[in-house]
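The structure appears below as structure tokens.
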Amino acid sequence: MVHVALKSISKVYPNGVRAVHPTSFDIQQGEFIVLVGPSGCGKSTLLRMIAGLEEITEGELSIAGRVVNDIDPAERDIAMVFQNYALYPHMTVYNNMAYGLRNRGMAKADIDAAVSTAATMLNLTEFLTRRPSQLSGGQRQRVAMGRAIVRNPALFLFDEPLSNLDAKLRGQMRIEIKALQRRLGVTSVYVTHDQVEAMTMADRIIVLNGGRIEQIGTPAEVYHQPASTFVASFMGAPPMNLLPAHYNGNGRVHLSETIHIEAPVSADYSGQVKLGVRPENVGIVDSSHPDALRFDLEFVEELGAGRLLHGKLGDSGLIVHIPHTDPIPGGEVYVGLPKSALVMFNHETGMRL
């Protein structure tokens with residue numbers, strides 16, 4: 001069942017700036033969708049159009065089969081969690097969570113039950129009488145989520161909710177939000193610029209760049225089969241290696257005059273390409289290996305759980321990720337580029353071949 005449908009949605013501001021180019025995609029009931037991309041890519045604008053906080057210039061938006069272009073935000077049956085929590089500082093946690101329900105005229109007993117249930121879910125029961133200033137950042141974010149949960153909405157919208165938290169707390173809250181969404185089964189759209197959040201939380205990721213969709217796919221699809229060099233370089237830390245090369249349709253990719261490897265795909269194309277490979281898929285091999293390529297190691301970056309070997313393959317920079325248990329290679333170093341792990345892109349358009 002399609003729960004949210006965007007049909008050629010776009011946003012053009014009065015000054016003529018097009019923030020979102022015509023965009024179409026469907027969100028299934030209960031799905032957790034993450035919109036990810038760099039600052040200014042249009043992800044928050046797109047979320048705000050779904051929320052009704054930003055007017056849609058062109059296209060059609062429907063939620064649960066109802067076109068909502070001209071429907072007020074309060075009538076869309078959504079709940080939004082913001083980056084800055086948007087809590088009332090003079091109200092207690094209980095009153096922050098109950099405020100919207102009181103405005104709807106809900107009976108006090110029902111409000112008490114809804115707040116109590118949400119507080120238990122979020123481990124906030126002991127903080128119900130405190131004010132936001134007496135809470136940590138993570139606790140404030142839980143209150144903001146509790147305020148959304150008590151409304152029992154059809155759709156959750158998250159606008160970079162973890163960006164104000166420290167790295168350790170962000171990791172903890174990622175797990176909590178995803179677990180809560182699965183428990184409640186509420187369709188959710190989550191905006192972030194953090195590709196780790198996108199990879200760890202999403203059922204599907206929508207990668208945006210310059211107001212356009214670059215790729216829609218599962219985390220595995222986006223990571224291992226990026227649709228463009230932008231996705232390849234944006235998703236992953238460190239990013240995918242992109243090696244300049246030439247392809248003339250003969251089944252071989254030429255990284256230099258002396259380095260030739262089998263092409264990962266057979267494409268009706270001839271010209272400059274970029275060959276993509278994730279650092280963890282580059283293997284250290286013996287010089288006798290039939291596909292061994294000379295790697296000029298320049299320096300080693302220690303990560304604790306692994307090591308990054310930085311160096312050159314011909315004239316191109318290459319990063320190799322090895323486990324911390326593997327010895328640092330010495331002397332002449334050779335690498336292998338497994339055909340199954342390679343992706344080839346058109347150099348001019350950046351699109352995968």
Gap separating the [atom1] atom of [X] from the [atom2] atom of [Y], nearest 0.5 angstrom:
X	Y	atom1	atom2	value
Gln181	Met201	CD	CE	8.5 Å
Leu180	Glu176	CG	CD	8.5 Å
Leu87	Phe82	CG	CZ	11.0 Å
Ile213	Thr23	CD1	OG1	5.0 Å
Ile27	Leu155	CD1	CG	7.0 Å
Ser116	Tyr94	OG	OH	9.5 Å

Quick one, Arg170 with Asp166, criterion salt bridge (charged side-chain N to carboxylate O under 4.0 Å, His left out). Give me CA distance, side-chain angles, the key distance, then yes/no. CA-CA 6 Å; Arg170 279 203 305 273; Asp166 62 51; over 6 Å; no
Donor-acceptor pair, distance only, cut-off 3.5 Å: does the side chain of [X] make one with the backbone of [Y]?
X	Y	value
Ser24	Pro22	no
Tyr247	Ala267	yes
Thr57	Val12	yes
Gln272	Glu348	no
Lys43	Gly37	yes
Asn69	Leu61	yes
Asn241	Leu318	no
Gln141	Gly138	no
Asn96	Arg147	no
Arg352	Pro226	yes

Please lay out, stage by stage, how Val222 and Thr218 fare under the test side chain to side chain contact (heavy atoms under 4.5 Å, CB included). CA-CA 6 Å; Val222 169; Thr218 66; over 6 Å; no
Considering the options Val282, Asn281, Leu303, which one meets the side-chain contact (heavy atoms from CB on, under 4.5 Å) requirement together with His321? Leu303
Before accepting this row, confirm whether a basic side-chain N of the pair [X]/[Y] lies closer than 4.0 Å to the acidic partner's carboxylate O.
X	Y	result
Glu262	Arg252	no
Arg294	Asp296	yes
Arg76	Asp72	no
Glu197	Arg174	no

For the residue pair Tyr88 and His90, does the interplanar ring angle fall in the parallel (under 30°), tilted (30 to 60°) or perpendicular (over 60°) class? perpendicular
So for atom [atom1], which belongs to [X], do other residues, nucleotides or ligands contribute more than 12 heavy atoms lying within a distance under 6.0 Å?
X	atom1	answer
Asn15	CG	yes
Glu55	CD	no
Glu302	CD	yes
His347	NE2	no
Tyr334	OH	yes

I'd like to know if the side chain of [X] pairs up with that of [Y] as donor and acceptor (distance under 3.5 Å, no hydrogens or angles considered).
X	Y	answer
Asp286	Ser288	yes
Asp159	Tyr190	no
His254	His246	no
Arg102	Asn95	yes
Gln29	His3	yes

Within 45° of the six-membered ring axis of Tyr223 and under 6.0 Å from that ring's centre, is NZ or CZ of Arg278 located there?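 Yes, cation above the ring, under 6.0 Å and within 45°.
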Determine, stepwise, if the pair Glu301 / Arg307 fulfils side chain to side chain contact (heavy atoms under 4.5 Å, CB included). CA-CA 6 Å; Glu301 186 178 359; Arg307 296 185 175 104; over 6 Å; no
In chain order, what residues pass the salt bridge (Lys or Arg N to Asp or Glu O under 4.0 Å) check against Glu58, with sequence neighbours excluded? Arg18
Could you go through Lys11 and Glu54, starting from their C-alpha distance and side-chain angles, then the distance that decides it, and tell me whether this counts as salt bridge (charged side-chain N to carboxylate O under 4.0 Å, His left out)? CA-CA 9 Å; Lys11 178 64 182 182; Glu54 199 76 64; 3.7 Å; yes
Shortest non-hydrogen separation from Val20 to Gly42 and the atoms involved: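 Scanning both residues, the minimum pair turns out to be CG2-O, 3.8 Å.
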Show your working on side chain to side chain donor-acceptor pair (under 3.5 Å) between His310 and Glu298 and close with a plain yes or no. CA-CA 6 Å; His310 296 258; Glu298 296 177 338; over 6 Å; no
In the structure I gave you, are the side-chain heavy atoms of [X] and [Y] within less than 4.5 Å of one another anywhere?
X	Y	value
Ile33	Thr187	no
Val335	Val285	no
Leu293	Ile261	yes

Sorted by first residue and then second, give each side-chain hydrogen bond (donor to acceptor under 3.5 Å, both in side chains) pair with at least one member in residues 201-215; sequence neighbours left out. His21-Arg212, Glu31-Arg204, Lys178-Asp203, Asn209-Glu214, Glu214-Ser228
Mind running side chain to side chain contact (heavy atoms under 4.5 Å, CB included) on Leu275 and Phe345 for me, showing each step along the way? CA-CA 6 Å; Leu275 197 65; Phe345 304 92; over 6 Å; no
By side-chain hydrogen bond (donor to acceptor under 3.5 Å, both in side chains), which residues pair with His193, not counting sequence neighbours? Glu160
Could you go step by step and tell me if Thr45 and Tyr13 meet the side chain to side chain contact (heavy atoms under 4.5 Å, CB included) rule? CA-CA 11 Å; Thr45 301; Tyr13 288 105; 3.7 Å; yes
